[in-house]
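Below: one structure, written as structure tokens.
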Amino acid sequence: MSRRAEIAANLAAVRERIAAACADAGRSPDDVRLVVVTKYFPAADVRLLADLGVTDVGENRHQEAEAKAAECGDLGLCWHFIGGLQSNKAAAVASYADVVESVDRVKLVGPLDRGAHPRPHPVDVLLQVSLDPPDRDGRAGADAGDLPALAAAVAEAGMLRLRGLMAVAPLGEDPRAAFERLARIREDFVAEHPDATWLSAGMSSDLEHAVRAGATHVRIGSAVLGSRPRLK
Ligand SMILES: *Cc1c(COP(=O)(O)O)cnc(C)c1O
């Protein structure tokens, strides 16, 4: 089977899963956007995805993302940055990412806003909220209690647009319980920020739970592109 046929078949299966999850949850499939996570996969795969109707792609490492976004600049894709952000790279990320999903501390806001400045439109921002226990090693994302201050900082930045929240289900926990927690955090958040209705949650293994909990964006890598090479 050609790579194109393989990706097309996987995409169709993922789109069916999304449609079935939406039907179960009484939601319209148009309300859930598929972001295909292309990390570790070559720009040639990004081209195939665009040709197969994918509009949004996600990357988690700055150097790889920057190179791929440049190489695929003619495709008109929406690029999501979904990885851990270093403050010394944040300005560079905002120069090519259309959506930065992993904003988890106030220190990132200034550099992101500066990096977005030369762009024709503001960069969309999601605040990453942690669903991990507070003592978990390598924890990414802000505490729910820190979201108000972070949201205020983003809202004040001229070239950033606060769109909503992003989260990853913790390893070793039932994603259903984690995403139910997320749905409550989001409810409080949207009450304060009625325009920030995006919720990015759900990966290959747990998208159904995320859709049930109200996700508007699912980030799907391996179910579309296959298992990732362990090292690049
Ligand atoms: C890699 C990654 C994904 C995609 O994971 P799959 O299990 O391959 O679907 C989603 N979200 C984030 C933050 C990631 O880093």
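The shown structure was predicted, so the numbers you read here are calculated from the model rather than taken from an experiment. Any value given below was found using the heavy atoms of this structure, including those in side chains, with hydrogens, waters and symmetry copies removed.
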Ion pair Glu173/Arg136, N-O distance below 4.0 Å
no

Should Val168 and Val99 be counted in the same cluster of Ile, Leu, Val, Met, Phe, Trp and Tyr side chains packed under 4.5 Å apart?
yes

Backbone N or O of Thr197 within a donor-acceptor pair of the Arg186 side chain at under 3.5 Å?
yes

Sidechain N-carboxylate O distance under 4.0 Å for Arg47, Asp74
yes

Between atom CG of Asp45 and atom CZ of Arg3, what is the distance when rounded to the nearest 0.5 Å?
4.0 Å

Between Arg33 and Asp56, is the closest basic N to carboxylate O distance under 4.0 Å?
yes

Can the positive tip of Arg61 be found less than 6.0 Å from the middle of the six-membered ring of Tyr40, inside 45° of the ring normal?
yes

Any donor-acceptor N/O pair, Arg219 side chain to Val37 backbone, under 3.5 Å:
no

With sequence neighbours left out, write down each residue that passes side chain to side chain contact (heavy atoms under 4.5 Å, CB included) with Val93, or none if nothing qualifies.
His62, Phe81, Leu85, Tyr96, Ala97, Val100

Honestly curious: do Val154 and Leu165 fall in one hydrophobic cluster under the side-chain, below-4.5 Å linking rule?
yes

Which pairs with one or both residues in residues 112-121 pass side chain to side chain donor-acceptor pair (under 3.5 Å), sequence neighbours excluded?
Asp98-Arg119

Please list, chain by chain and in numerical order, all residues satisfying ring pair (Phe, Tyr, Trp, His ring centres under 6.0 Å) with His209, sequence neighbours excluded.
none

Leu112, Leu147: one ILVMFWY side-chain cluster at the under-4.5 Å cut-off?
yes

Tell me whether Val218 shares a hydrophobic cluster with Val35, the cluster being built from Ile, Leu, Val, Met, Phe, Trp, Tyr side chains joined at under 4.5 Å.
no

